[in-house]
Structure formats: structure tokens, C-alpha cells
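Here the structure comes first, spelled out in C-alpha cells, and everything after it is commentary.
By convention here, the first residue in the shown sequence is residue 1.
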Amino acid sequence: QLQLVESGGGLVQPGGSLRLSCTASEFTLDYYSIGWFRQAPGKEREGVSCISSSGDITNYADSVKGRFTISRDYAKNTVYLQMNSLKPEDTGTYYCQVGVALTHCKGGMNYWGKGTLVTVSS
């Protein structure tokens, strides 16, 4: 069974940066598009960004464009989300998902890790 592991979250001040990682045990991410999602307390999970299997197509939610960058390292079987200029509204638990549709970063395989918590606060 696919097991996704997200990491890299933490407490950061507004304007700060974090890099999140998504990897999988005993499953190769190389052949799949990958999406990052976040869920703030009391809100629904929303798509943040996604990347194609080849890494040449990316998509971002309007709220993070110009601040977040998604990338992947095939040698490490890992997908990253570099988050810069963080704002309090970026606070939430971040998850990755395999096989999302790139047009809207949704609709992937129904496997979710535990997520990694990002808190942006002064």
C-alpha cells in the first residue's frame, strides 16, 4: 500500500521560508504527477501546487504564485515545495498526493500521509 511521508514543516515568522518534502516508501514517485495540498483549521483541504511526472509542467494556486516553487528529485524519490515569503494565511497541515490532474491539481489517488504542520506566526 502506498505510504506517503511529508516533512519539513514548523513554526516560522511571516516573511520566512520553509521547504517541505514528500516521499514514499516502497513506491516510486517518478512516473506520477504529484500535488501538494493544505488544510487550515476548520477549512477544507485545498490544492496548492502540482508537478508533472516529467517535472516540466507545474501549476500553482493563485494565492501562492510567485512565492512557492514545486520541484522533484528523482534520485531521492522526493517532491519538494519551497515556500518563501510566508504569510499567516499559509498556516495549515500540508499533504502530498500522487497522480493528480495538472489542470487543477486535484483528483489523485486516495492515499494520504499524516501531513506536516506549517505555522506562520510572529
Side-chain angles (χ1 to χ4, degrees):
Q1 184 173 346
L2 172 58
Q3 292 183 326
L4 295 166
V5 178
E6 302 92 349
S7 62
L11 173 62
V12 63
Q13 292 186 341
S17 298
L18 285 173
R19 189 178 76 160
L20 307 184
S21 299
C22 167
T23 190
S25 58
E26 300 182 7
F27 185 90
T28 301
L29 299 177
D30 294 5
Y31 310 115
Y32 300 92
S33 60
I34 305 295
W36 277 101
F37 296 75
R38 67 186 179 191
Q39 187 167 20
K43 295 188 177 180
E44 292 187 354
R45 191 174 296 175
E46 61 173 351
V48 173
S49 180
C50 53
I51 187 168
S52 63
S53 58
S54 58
D56 59 345
I57 300 173
T58 58
N59 198 5
Y60 298 92
D62 288 342
S63 59
V64 306
K65 279 182 182 176
R67 301 189 297 122
F68 290 11
T69 303
I70 191 170
S71 63
R72 59 194 310 164
D73 185 329
Y74 297 96
K76 295 184 178 180
N77 197 38
T78 300
V79 175
Y80 299 103
L81 186 67
Q82 177 67 44
M83 307 188 298
N84 299 328
S85 303
L86 283 162
K87 304 175 180 180
E89 50 264 43
D90 294 317
T91 294
T93 300
Y94 284 69
Y95 304 86
C96 57
Q97 190 183 37
V98 174
V100 300
L102 296 172
T103 52
H104 49 270
C105 298
K106 292 181 180 179
M109 299 180 186
N110 193 26
Y111 294 97
W112 299 95
K114 295 181 179 179
T116 185
L117 178 61
V118 172
T119 304
V120 185
S121 175
S122 54

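- Formation of a donor-acceptor pair under 3.5 Å by the N77 side chain with backbone atoms of L29 is found in this model.
- Proximity of a side-chain donor or acceptor of N59 to a complementary backbone N or O of T103 within less than 3.5 Å is detected.
- The two residues L4 and A24 come nearest to each other via the heavy atoms CD2-CB, 4.0 Å.
- Counting heavy atoms from C-beta on, the side chains of T23 and K76 never come closer than 4.5 Å.
- Here the closest non-hydrogen pair linking K114 and T93 is O-CG2, 4.1 Å.
- In the hydrophobic cluster analysis, where Ile, Leu, Val, Met, Phe, Trp and Tyr join through side-chain heavy atoms closer than 4.5 angstrom, Y31 is grouped together with L2.
- Smallest separation of non-hydrogen atoms from L102 and S33: CD2-CB, 3.9 Å.
- Other residues, nucleotides and ligands place more than 12 heavy atoms under 6.0 Å from the CD atom of E89.
- Test V48, V120, V12 against D90 for side chain to side chain contact (heavy atoms under 4.5 Å, CB included) and you get one pass: V120.
- T28 is not listed as a side-chain neighbour of Y74, based on a closest heavy-atom distance of 4.5 Å or more.
- Cluster membership for L18 and Y95, using ILVMFWY side-chain heavy atoms within less than 4.5 angstrom, is not shared.
- There is no path of hydrophobic side-chain contacts, each under 4.5 Å, that joins Y94 to V100.
- In this structure, R72 contributes its side chain and G55 its backbone to no donor-acceptor pair below 3.5 Å.
- Looking at every heavy atom in both residues, S17 comes nearest to S85 through OG-N, 4.3 Å.
- A cation-pi arrangement is present between R19 and Y80, with the terminal nitrogen or guanidinium carbon under 6.0 Å from the aromatic centre and inside a 45° cone about the axis.
- Salt bridge present: K65 and D62 bring a charged side-chain N and a carboxylate O closer than 4.0 Å.
- No side-chain donor-acceptor contact under 3.5 Å links T116 to the backbone of E6.
- If you take CG on L81 and CD1 on I70, they are separated by 6.0 Å, rounding to the nearest 0.5 Å.
- Ring centroid separation for the pair F27 and Y32 comes in under the 6.0 Å cut-off.
- Side chains of I34 and V98 form a contact here, defined as non-hydrogen atoms less than 4.5 Å apart.
- Looking at C96 and V79, their side chains never come closer than 4.5 Å, going by heavy atoms from C-beta outward.
- Closest non-hydrogen pair, S121 versus P14, comes out as C-CD, 3.6 Å.
- Here the OG1 atom belonging to T78 is positioned 12.5 Å from the CG atom belonging to L20, to the nearest 0.5 angstrom.
- Checked options Q97, Q1, Q3; the residue passing with Y111 is Q1 (criterion: side chain to side chain contact (heavy atoms under 4.5 Å, CB included)).
- R38 places no side-chain N or O within 3.5 Å of a backbone atom of V118 that could act as its donor or acceptor partner.
- Aromatic ring centres of W36 and F68: separated by at least 6.0 Å.
- Side-chain polar atoms of S52 and S54 form a donor-acceptor pair below 3.5 angstrom.
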